Amino acid sequence: MRVDLLRTGGAAAVAATALLLTTAPVSAATAAGSGSAYGASASVSLLPGVLGDKGLTVDTGKLAKSTTEGPNSASVADAPLKGLLTAKAISSTSKHAESGGVTSTASIVDATLPVLAPLAGGDVSARVLKAQCASTASGVTGSAEIAGLDLGKIGKVPVATEPNRSVGLPGLVQVIVNEQIKHDDGSLTVNALHVKLLGGKETAALGSGDVVLASATCGKATGSKPSTSPSPSPTTSPGAPKPGKQVTEIPVGAPQTGDGSLAVTKG
């Protein structure tokens, strides 16, 4: 059975010590002068008894996604992914800098992960999760801002933590805080929080897959701002979002997610 949550087209083996910057395949990287960001994504296979009597596959896609190619910003208010993720606000921006570099930012306000409650012994929550990166002629830098993170029995993370700090429960779940991935081509991805469900067979296991909260990616600077051709200003109707910014609001009762419940498609 498969569960598809809100999907916007615009729009977690535990380590005993902190990891160093991780190298990822070139295929996951970003071309020079380009960047992207998104607020949240989840792709997990949950065992029977988790968010339902039967096993489920949950795929949210990238919520509130933005790119340097456009849209340059996006947001989702009151993300209605109850049972898996809730948040008051999810947003991202990704823009070209005057120097030919990139700045990308993603943030989540008042986030909770109900799906981890059985392992944590209570609510897993964070007041603020923010990832950001920037590229200049001197290189690419990134950082994460974590405020009010409560992982319960899963582990504790210091207020000021180095990149790739990892806590978790062996065989069940790994949580990486301020995950920074250096790609072969020099681009950088920063994930404020990366939850990996490890698919353990213990009674408390939830399933397998990944949940990423607040992700920003920046390619190397090109040395000059990419040229763009002038285009006529689009005509907008009163109250419509400004050009270049995507705002997604979930109306009550909308198909699949309007009431905050999971929509199940048999098959």
Side-chain angles (χ1 to χ4, degrees), residues 12-24 37-44 50 60 63-64 79 81 83-92 104-134 140-182 188-200 202 204-218:
V14 176
T17 58
L19 303 177
L20 297 178
L21 288 179
T22 307
T23 300
Y38 60 89
S41 72
S43 182
V44 296
V50 181
T60 66
L63 305 183
L81 309 181
L84 182 64
L85 164 68
T86 66
K88 182 176 181 180
I90 300 176
S91 62
S92 74
S104 296
T105 303
S107 63
I108 300 180
V109 177
D110 293 338
T112 64
L113 284 166
V115 69
L116 295 181
L119 298 181
D123 291 339
V124 170
S125 61
R127 292 196 306 272
V128 177
L129 296 170
K130 183 177 181 180
Q132 53 195 355
C133 61
V140 186
T141 59
S143 63
E145 178 184 342
I146 313 292
L149 178 62
D150 184 358
L151 297 174
K153 295 179 181 179
I154 294 175
K156 294 184 179 297
V157 178
V159 174
T161 186
E162 66 278 7
N164 297 297
R165 179 63 179 261
S166 178
V167 298
L169 302 174
L172 296 177
V173 63
Q174 177 189 14
V175 179
I176 306 171
V177 181
N178 189 11
E179 182 178 45
Q180 299 194 16
I181 304 171
K182 183 73 175 292
L188 177 69
T189 294
V190 181
N191 298 321
L193 202 69
H194 184 175
V195 179
K196 296 183 177 182
L197 301 181
L198 304 178
E202 291 84 349
L206 298 179
S208 61
D210 297 84
V211 179
V212 176
L213 303 183
S215 179
T217 297
C218 292

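Keep in mind the model is a prediction, meaning the values are calculated, not measured.
From Leu63, atom CG reaches atom OG of Ser41 across 7.5 Å, with rounding to the nearest 0.5 Å. Atom CZ of residue Arg127 and atom NZ of residue Lys88 lie 13.0 Å apart, to the nearest 0.5 angstrom. In this structure, CD in Gln174 is found 11.0 Å from CG in Leu169, a value given to the nearest 0.5 Å. The structure places NE2 of His194 at 7.5 Å from CD1 of Ile181, a figure rounded to the nearest 0.5 Å.
With Ile108 as the fixed residue, the side chain to side chain contact (heavy atoms under 4.5 Å, CB included) test singles out one of Leu193, Val128, Ile90: Ile90.
At least one side-chain heavy atom of Leu116 sits under 4.5 Å from a side-chain heavy atom of Leu206. Val175 places a side-chain heavy atom less than 4.5 Å from the side chain of Leu151. Side chains of Val211 and Leu85 form no contact here, defined as non-hydrogen atoms less than 4.5 Å apart. Side-chain contact between Leu197 and Asp210 is absent, with no heavy-atom pair separated by less than 4.5 Å.
Listed here is the closest heavy atom pair of Pro114 and Pro118: O-CD, 3.9 Å. Taking every heavy atom of both residues into account, Ala106 and Ala214 meet most closely at O-CB, 3.7 Å. Shown here for Arg165 and Val157, the closest heavy-atom pair between the two residues is CG-CG1, 4.3 Å. Counting all heavy atoms, side chain and backbone alike, Ala216 lies closest to Ala131 at CB-O, 3.8 Å.
Side-chain atoms of Thr217 and Ser104 include no donor-acceptor pair closer than 3.5 Å. For the residue pair Ser215/Asn191, the side-chain donor-acceptor check at 3.5 Å is satisfied. Side-chain N/O atoms of Thr112 and Ser125 include no donor and acceptor closer than 3.5 Å.
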**Request:** Apply the test side-chain contact (heavy atoms from CB on, under 4.5 Å) to residues Val124 and Asp150: give CA-CA distance (whole Å), side-chain angles for both, the deciding distance (0.1 Å), then the verdict.
**Result:** CA-CA 6 Å; Val124 170; Asp150 184 358; over 6 Å; no

**Request:** Mind running side-chain hydrogen bond (donor to acceptor under 3.5 Å, both in side chains) on Gln180 and Asn178 for me, showing each step along the way?
**Result:** CA-CA 6 Å; Gln180 299 194 16; Asn178 189 11; 3.1 Å; yes

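With Thr105 contributing its side chain and Gln132 its backbone, the two residues share no donor-acceptor pair below 3.5 Å.
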